[in-house]
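Following: one structure in structure tokens, then a few remarks.
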Protein chains: 2
Amino acid sequence: MSPELDLMIAIHLLHEVLEAQIEAADLDHSVPKNDFLMLVHLNEPKRMGALAEDMHVLPSTLTAIADRLEGTGLIHRQRDPDDRRAWLLDITDKGRALQSRIMGLSTEMFRSITGLTAEEIKTFDHLMQKVRSNIIERDGMQELMK
Amino acid sequence: MSPELDLMIAIHLLHEVLEAQIEAADLDHSVPKNDFLMLVHLNEPKRMGALAEDMHVLPSTLTAIADRLEGTGLIHRQRDPDDRRAWLLDITDKGRALQSRIMGLSTEMFRSITGLTAEEIKTFDHLMQKVRSNIIERDGMQELMK
DNA sequence: GCCATTTGGTTCATTTGATGAAACATTATG
DNA sequence: CATAATGTTTCATCAAATGAACCAAATGGC
């Protein structure tokens, strides 16, 4: 088996375990799995379209996620003053509290799951920075091809 | 944002892109997303229970996956001679053909998506080996705690 | 050997969440 | 000013995971 395929499987495994762990950390089960991602991506008020692109989901999917999070009072919609069709999504205080709880937990959680040292995490992070920018660049390329 | 959280998001992204790419490579759409994973895990005849554990899914979920793959003739069930309740799943020739096509594609696909050099992939692989064994060990620990 | 329990898989009803087409309001363009 | 494009929502549909109930075979105590 090639190291690449091996890596793909390992990434799948890690991803799965991370997701399960994050879900377990949400003690009151107020937020479905992937909705956490939105909380993390929402570091500043953003349009739904922009967020959908960030998260690689369809606009209609994002509407549902936003509805759920707004329902539990973690975010709120606000009309974009520049375009009355669009919303600006923003985190509420309650949302910010959960967001920082996630951020606080994430460090310990990640180390415990992966068993990596601080040094190794640094290396890992460095690699993934490169991967991320490559993916984003690729996405941009494919957008142009249409 | 901590490097750990940053990493978690990047892993999520990479995982997503890899999955989409694998699905796109299955030109005739004969195999649903995650069912590929079974093909890869099936390097030797295995019981369904063992496979379910390998893939971190419930037995009932695995039954469905096996049904699908058997339906398209990629695997087949065979009674375990040691236990007449159990099945041994095995790959068919057709399955093996797809398996090796996946393996062949995976190298190029992974490099193109991540943009990493051979050297970096080696480092990555090394890190993930450690992560994997840590996760497996953790799983074992939690099993004992019950 | 016999009954109770455990184990390996399956069935099925339910739930979750993504998808894409159609709709609606607003904005941009010719 | 009419038409096209954009931002979001609605809704019907679908794919797939879940867990409880179930069947059959194996195991263990007596």
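Remember, predicted model here, so these are calculated numbers, not experimental data. A, B, ... follow the sequence lines: proteins, then strands. Residue 1 opens every chain.
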Q: Would you check if the side chain of A/Thr92 reaches a backbone N or O of A/Gly73 as a donor-acceptor pair within less than 3.5 Å?
A: yes

**Q.** Gap between atoms CD and C1', on A/Glu16 and D/dA16 respectively (whole Å)
**A.** 14 Å

Q | Whole angstrom value for the distance that separates P of C/dG8 from CG of B/Leu89 | A | 14 Å

Q. Between B/Arg132 and B/Asp125, is the closest basic N to carboxylate O distance under 4.0 Å?
A. no

Q. Of all residues at least two apart in sequence or in a different chain, which pass the salt bridge (charged side-chain N to carboxylate O under 4.0 Å, His left out) check with A/Lys94?
A. none

Q.
I'd like to know whether CG of B/Asn43 has more than 12 heavy-atom contacts from other residues, nucleotides or ligands below 6.0 angstrom.
A. yes

(Q) Output the rounded distance in Å from CD (B/Glu19) to C1' (C/dG17). (A) 14 Å

**Q.** Protein-nucleotide distance (B/His56, atom NE2; D/dT18, atom C1'), rounded to Å
**A.** 17 Å

Q.
Using whole Å, what does the distance between atom C1' of nucleotide D/dT8 and atom CD of A/Glu53 come to?
A. 15 Å

Q) What is the distance from atom CZ of A/Phe36 to atom CD1 of B/Ile9, rounded to the nearest 0.5 Å? A) 13.0 Å

Q: Provide, to the nearest angstrom, the distance between the CG atom belonging to A/Asp82 and the P atom belonging to D/dT8.
A: 12 Å

Q. What integer distance in Å separates B/Met55:CE from D/dA16:C1'?
A. 12 Å

Short N/O separations, protein against nucleotides 9-14 of chain C, under 3.5 angstrom:
| unit_1 | atom_1 | unit_2 | atom_2 | d |
| --- | --- | --- | --- | --- |
| C/dG9 | OP1 | B/Met48 | N | 3.2 |
| C/dG9 | OP1 | B/Trp87 | N | 3.3 |
| C/dG9 | OP1 | B/Trp87 | O | 3.3 |
| C/dG9 | OP2 | B/Gly49 | N | 2.7 |
| C/dG9 | O3' | B/Trp87 | NE1 | 3.3 |
| C/dT10 | OP1 | B/Arg77 | NE | 3.0 |
| C/dT10 | OP1 | B/Arg77 | NH2 | 3.2 |
| C/dT10 | OP1 | B/Trp87 | NE1 | 3.2 |
| C/dT10 | OP2 | B/Thr63 | OG1 | 2.9 |

Q.
What is the separation between atom CD1 on A/Ile65 and atom P on C/dG17, rounded to the nearest whole Å?
A. 9 Å

(Q) Taking the six-membered ring of B/Trp87 as reference, does the cationic atom of B/Arg47 (NZ for Lys, CZ for Arg) lie under 6.0 Å from its centre and within 45° of its axis? (A) no

(Q) It should be established whether A/Arg84 places a side-chain nitrogen or oxygen under 4.0 Å from OP1 or OP2 of nucleotide C/dT27. (A) yes

